[in-house]
Amino acid sequence: MFSDIQESVSITDTNGSIIDVNTAYCDTTGYSREEVIGQNPRILKSGKQPQEFYTAMWQQINELGYWRGELWNRTKDGDIYACLLSITSLTNEHGVVTHFIGVSTDVTKSKQQEEKLDLMAHYDVLTGLPNRALFIDRFNQAIAHSKRSETQLAVCFLDLDKFKPVNDLYGHDVGDQLLIEVSKRIQSSLREEDTVSRQGGDEFALLLSDITSINQVEQTLERLHYSLSQPYLINGNVHNITLSTGITLYPTDNGDIDTLLRHADNAMYQAKQTGRNRFHLFSIEKDKEISQKNHRIDEINQALLKDEFELYYQPKVNMLTGEVFGVEALIRWHHPDKGIIPPLNFLPVIEGTELEVKVGNWVIESALNQLAEWDKIGLAIEVSVNIASEHMLSSNFLTDVRSAFAKYSEVNSQLLQLEILESSALGDLNAISDIIKSCQKEFGIKIALDDFGTGYSSLTHLRNLPVDIIKIDQSFVRDMLDDPSDFAIIDGVLGLSDTFNREIIAEGVESTNHGLLLLLMGCVEAQGYGIAKPMPAGDFPLWLTNYEPEQLWLQFACTQLSPKEKKLQLFALIIEQWQSTFTKNILSSLEDSERWPIMNSDHCFCTEQLNRIKQEKLLAPEDFTVLAKNHELMHVNAQQLYQQYIDGDIDNARNGLAEFQTIVNRIKPLLNNISAT
Ligand code: C2E
Ligand code: MG
Ligand code: MG
């Protein structure tokens, strides 16, 4: 039995000398029987266990008569192996120990397996960095250390920028090699006591301990970002990569590991949002803001899925011919609880997100669907849709438009028009310009530059973008009758449209006189509440049937006015606007009164025009004198009424309106007025 047993067996006397071993012992240790007899078993000592280990072992054998455990030994050749050893003491009939028997099994293989499993459980296979599980372990140690040493702990979340294209373009092998190199560079930028872990994909997390200020973290990250941004040479190709990092600091941010990692991840996302290749420190307030924003984005996404959006249509007319030549599609949200929500209350939330593209595509498809519906009832009208510049710049824009047209192949593509907002950051002008050209060439659609004049660089846009139409922003149109600067801007834009040979339309035409002034200035296309408010598609055919063009506009087309007459007419409109705003204010209560017209006659719009009439000798001298005198009188009189009104003497102010009106009436005949009243 002694010689055939698989376990290696040794017998030692009480002096510690081996007196016999079996064959298995010799096979395992590499020593022959002759070599070991008379030796002490410590010849197998590997040095991996400290002396205390052996002391404790012998203490137990002396007290209990046996010991059992695992230990590392060394063979004759110097190889280390693990064994499961049991030592039992043998006693004679008097209870005196005479021998010790050691029985051991080689467990090196299962030990190695165990270690491998341990490695797999705690380290990332590709990069050899600690994985999430080990990271959590280290985090707990670091937190304890931070508490003891009263220093801070930084948790950072790293994400490589634009790593996916490397994988897509060069294959996963190259991607893997890049990740390995990145891991090395991260490790070499950190201190021994810091931990870097791969969280999966191209994401890494750091634990930086003993932090005394954010500057310290920033310096480390600057070094790290610099190191990672140096070119990588893989299989003869040079790759460049940057990274975005989010930081959060314990104990200011006092949460568990999941919370801290999530916060660092949120901050990383912010770094991405603000242009990538940077780091960003987490803040609770910002986080709240972001989660509220995400919640709203989610709501809007749900609204899209639940079909709660609708396009309203606002007519566009040619004021000279009275023709309704098009409509603008304007989105509305039918909120189940809040009713109709206008676009500016929700579109800004999704600006720059993927959802913006989805909503934008929905708008294009719905407009085409509407065109198809109207086509069925013999209505062929141009429909313009608003397109966010980010949507236009999105990689699939042209493909999406193409497939929308394919879906509604019965629709004449030239009936669709796109409006791009000039007020929003237009982004890459060259790219936008190329897309505009493709739209014009491939689909024959026209492009308008919306809200023109509100952007930072309207002139650059005009020069670089091949748009067909300029849409004058409503903020200028609204006040053009009161404010000489707005008037001057519109005048300038009209001049530009002429020079650059673009069509022009004015939005926000709220009254007949707005239209008349625009006609006088040479703008004939208009859209605004003065014509019609945006309406549901179903209401449009009836509105169109009942539509009666504004007679004064049509009349203007018939009256061939000389340039001189046009200028006098313009003056009449301005005086009328002044008078009507003033009268309206005097007649309303103090709290309802709106903005007063410019009361000081030195600065009012009419004085400016009056000077022009004088300079250009548009009136006979005697007529001009009457005009100037009554204009002055109008101001003096109005000033008195205004004073009474604001002093609370409202009745007297209102009674004075009759005389004020008489003065104004003396002006009109001199100008051959055709305006609304
Ligand atoms: P916008 O493209 O300049 O559209 C004109 C806006 O002015 C519309 O507001 C319209 O109702 C309003 N409006 C028209 N005439 C008058 C008027 O005489 N007086 C006044 N005070 N307002 C007038 P809405 O529908 O609230 O749309 C606001 C903006 O939201 C639009 O300005 C456009 O920039 C954006 N928008 C609307 N629908 C869409 C859409 O489907 N996609 C995108 N990307 N943007 C849209
Ligand atoms: Mg528009
Ligand atoms: Mg607009």
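Because the structure is predicted, anything quoted here is derived from the model rather than measured. Only this structure's heavy atoms are used, side chains among them; waters, hydrogens and symmetry mates stay out. Both counts, for ligands and for their atoms, begin at 1 and track the order of listing. FYI, the numbering just counts along the sequence from 1.
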Visitor: Note the single closest protein heavy atom to atom 24 (P) of ligand 1, along with its residue, its atom name and the distance in Å.
Guide: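 Going atom by atom, the protein heavy atom closest to atom 24 (P) of ligand 1 ends up being P343 CG, 3.6 Å.
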Visitor: Check step by step if side-chain contact (heavy atoms from CB on, under 4.5 Å) holds for W374 and I377.
Guide: CA-CA 5 Å; W374 280 335; I377 57 167; 4.1 Å; yes
Visitor: How many angstroms lie between atom CD of E310 and atom CG of L330, to the nearest 0.5 angstrom?
Guide: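 One finds 11.5 Å between CD of E310 and CG of L330.
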Visitor: Quick one: sort the H391 and F397 rings into parallel, tilted or perpendicular, breaks at 30° and 60°.
Guide: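 Aromatic pair H391/F397 classed perpendicular.
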Visitor: So, are R595 and D483 salt-bridged, with charged N and O less than 4.0 Å apart?
Guide: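 Looking at D483 together with R595, the answer is no, because their closest N to O distance does not fall below 4.0 Å.
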Visitor: With no hydrogens and no angle check, is any side-chain donor or acceptor of T581 less than 3.5 Å from a backbone partner on Q577?
Guide: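 Yes.
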Visitor: Measure V359 to ligand 1 on non-hydrogen atoms and call it side chain, backbone, both or neither using the 4.0 Å cut-off.
Guide: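 No part of V359 is near ligand 1 at this cut-off.
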Visitor: In terms of atom number and element, which parts of ligand 1 are under 4.0 angstrom from non-hydrogen atoms of A388?
Guide: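 Going through ligand 1 atom by atom, the ones under 4.0 Å from A388 are 44 (N).
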Visitor: Give the residue and atom name of whichever protein heavy atom lies nearest to atom 4 (O) of ligand 1, and the separation in Å to one decimal.
Guide: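 For this ligand atom, the closest protein heavy atom is L330 CD2, 3.5 Å.
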Visitor: Quick one: report the N, O or S atom of E419 that is nearest to the Mg ion (ligand 2).
Guide: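 Atom name of the closest N, O or S in E419: OE1.
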Visitor: How wide is the angle at the Mg ion (ligand 3) spanned by D450 OD1 and E507 OE1, rounded to 10 degrees?
Guide: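 My answer is 90°, to the nearest 10°.
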Visitor: Does some non-hydrogen atom of G360 fall short of 4.0 Å from ligand 1?
Guide: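 Contact absent.
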Visitor: To check your reading of the model: name the closest protein heavy atom to atom 44 (N) of ligand 1, its residue, and the distance in Å.
Guide: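 Going atom by atom, the protein heavy atom closest to atom 44 (N) of ligand 1 ends up being N386 O, 3.5 Å.
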Visitor: Below 3.5 Å, N or O to N or O, backbone or side chain included: is there any such pair between I331 and ligand 1?
Guide: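 Yes, I331 has an N/O under 3.5 Å of an N/O on ligand 1.
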Visitor: Using a strict cut-off of 4.0 Å, indicate which atoms of ligand 1 neighbour a heavy atom of G508.
Guide: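 Counting atoms of ligand 1 from 1, those under 4.0 Å from G508 are 16 (C), 17 (C), 18 (O).
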Visitor: Which of the atoms of ligand 1 are close to V363, meaning less than 4.0 Å from one of its heavy atoms?
Guide: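 Counting from 1, the qualifying ligand atoms are 41 (O).
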Visitor: Can you report which non-hydrogen protein atom sits closest to atom 1 (P) of ligand 1, along with the distance?
Guide: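 Answer, as residue, atom name and distance: D450 OD2, 3.6 Å.
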Visitor: Counting the benzene-type ring for Trp, do W543 and Y313 have ring centres under 6.0 Å apart?
Guide: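 No - the distance between ring centres of W543 and Y313 does not fall below the 6.0 Å cut-off.
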Visitor: Judged by modelled atom types alone, do Q661 and Q579 share a side-chain donor-acceptor pair under 3.5 Å?
Guide: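 Note: Q661 and Q579 side chains meet the donor-acceptor criterion.
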Visitor: Nearest 0.5 angstrom please: R296 CZ to E299 CD, how far?
Guide: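 That separation rounds to 7.0 Å.
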Visitor: Short question: side chain of H514, backbone of R478 - any donor-acceptor pair under 3.5 Å?
Guide: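 Such a contact is found between H514 side chain and R478 backbone.
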Visitor: If you count the atoms of ligand 1 from 1 in the order shown, which ones are under 4.0 Å from a heavy atom of G528?
Guide: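 Here the atoms of ligand 1 in question are 15 (N), 18 (O).
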Visitor: Can you pull out the closest protein heavy atom to atom 19 (N) of ligand 1? Residue, atom name and distance to 0.1 Å, please.
Guide: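 Its nearest protein heavy-atom neighbour is E510 OE2, 2.6 Å.
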Visitor: Given I387, I341, L421, identify the one with the heavy atom nearest to atom 34 (O) of ligand 1.
Guide: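 The option holding the nearest heavy atom is L421.
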Visitor: Is there a side-chain contact between I646 and Q643 (heavy atoms, below 4.5 Å)?
Guide: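 I646 vs Q643: side chains touch.
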Visitor: Is the contact between E507 and ligand 1 made by the side chain, the backbone, both, or neither, using heavy atoms and a 4.0 Å cut-off?
Guide: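 It is the side chain that touches ligand 1; the backbone stays farther off.
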Visitor: Suppose you place the vertex at the Mg ion (ligand 2); what is the angle out to N386 OD1 and E328 OE2, to 10°?
Guide: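 N386 OD1 and E328 OE2 form an angle of 90° at the Mg ion (ligand 2).
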Visitor: Atom 35 (C) of ligand 1: which of N345, L347, I364 has the nearest heavy atom?
Guide: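 Answer by nearest heavy atom: L347.
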Visitor: What protein heavy atom sits nearest atom 7 (O) of ligand 1, and how far away is it?
Guide: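 Answer, as residue, atom name and distance: Q474 NE2, 2.5 Å.
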Visitor: Atoms of ligand 1 less than 4.0 Å from L344 heavy atoms?
Guide: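 What qualifies from ligand 1 is 28 (C), 29 (C), 30 (O).
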Visitor: Can R478 be said to touch ligand 1, with heavy atoms closer than 4.0 Å?
Guide: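 Judged by the 4.0 Å heavy-atom criterion, R478 does not count as contacting ligand 1.
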Visitor: Check each of P534, S511, S384 against atom 11 (O) of ligand 1 and report the one with the nearest heavy atom.
Guide: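 When every heavy atom of P534, S511, S384 is considered, P534 comes closest to atom 11 (O) of ligand 1.
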Visitor: Okay, side chain of T353, backbone of L355: is any donor-acceptor separation there less than 3.5 Å?
Guide: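 Looks like yes, one N/O pair under 3.5 Å.
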Visitor: What is the distance from atom CG of L641 to atom CE of M599, rounded to the nearest 0.5 Å?
Guide: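 With rounding to 0.5 Å, CG (L641) is 8.0 Å from CE (M599).
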Visitor: Tell me whether the rings of W333 and H335 are parallel (<30°), tilted (30 to 60°) or perpendicular (>60°).
Guide: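 It falls in the tilted class, 30° to 60°.
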Visitor: Which atoms of ligand 1 are found less than 4.0 Å from any heavy atom of E328?
Guide: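 Atoms satisfying the 4.0 Å criterion: 1 (P), 2 (O), 4 (O).
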Visitor: Strictly under 4.0 Å, does any heavy atom of R332 approach an atom of ligand 1?
Guide: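 It does, in that a heavy atom of R332 comes within the 4.0 Å cut-off of ligand 1.
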Visitor: Is there a donor-acceptor pair under 3.5 Å between the side chain of Q314 and the backbone N or O of A532?
Guide: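 Yes: the side chain of Q314 pairs with the backbone of A532.
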Visitor: Between Y642 and W596, what is the ring plane arrangement, given parallel below 30°, perpendicular above 60°, and tilted in between?
Guide: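 If you compare the ring of Y642 with that of W596, the planes turn out perpendicular.
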Visitor: For atom 3 (O) of ligand 1, grab the closest protein heavy atom and report residue, atom and distance to one decimal in Å.
Guide: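 Checking every protein heavy atom, the shortest distance to atom 3 (O) of ligand 1 gives D451 OD1, 3.0 Å.
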Visitor: May I ask whether Q527 places a heavy atom under 4.0 Å from ligand 1?
Guide: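 Contact absent.
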Visitor: Does NZ or CZ of K533 fall inside the cone over Y529's six-membered ring, less than 6.0 Å from its centre and within 45° of the axis?
Guide: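 Yes, K533 and Y529 form such a contact.
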Visitor: Looking only at N, O or S atoms, find the one in D451 nearest to the Mg ion (ligand 3) and name it.
Guide: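 Atom name returned: OD1.
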Visitor: Checking a contact table here: which protein heavy atom is nearest atom 15 (N) of ligand 1, and how many Å away?
Guide: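 Protein heavy atom with the smallest distance to atom 15 (N) of ligand 1: Q314 NE2, 3.1 Å.
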Visitor: If we ignore angles and hydrogens, is there a donor and acceptor under 3.5 Å between the side chains of D161 and S244?
Guide: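 Yes, a side-chain donor-acceptor pair sits under 3.5 Å.
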Visitor: Are V385 and ligand 1 in contact, using a heavy-atom cut-off of under 4.0 Å?
Guide: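 Not so, V385 does not reach ligand 1.
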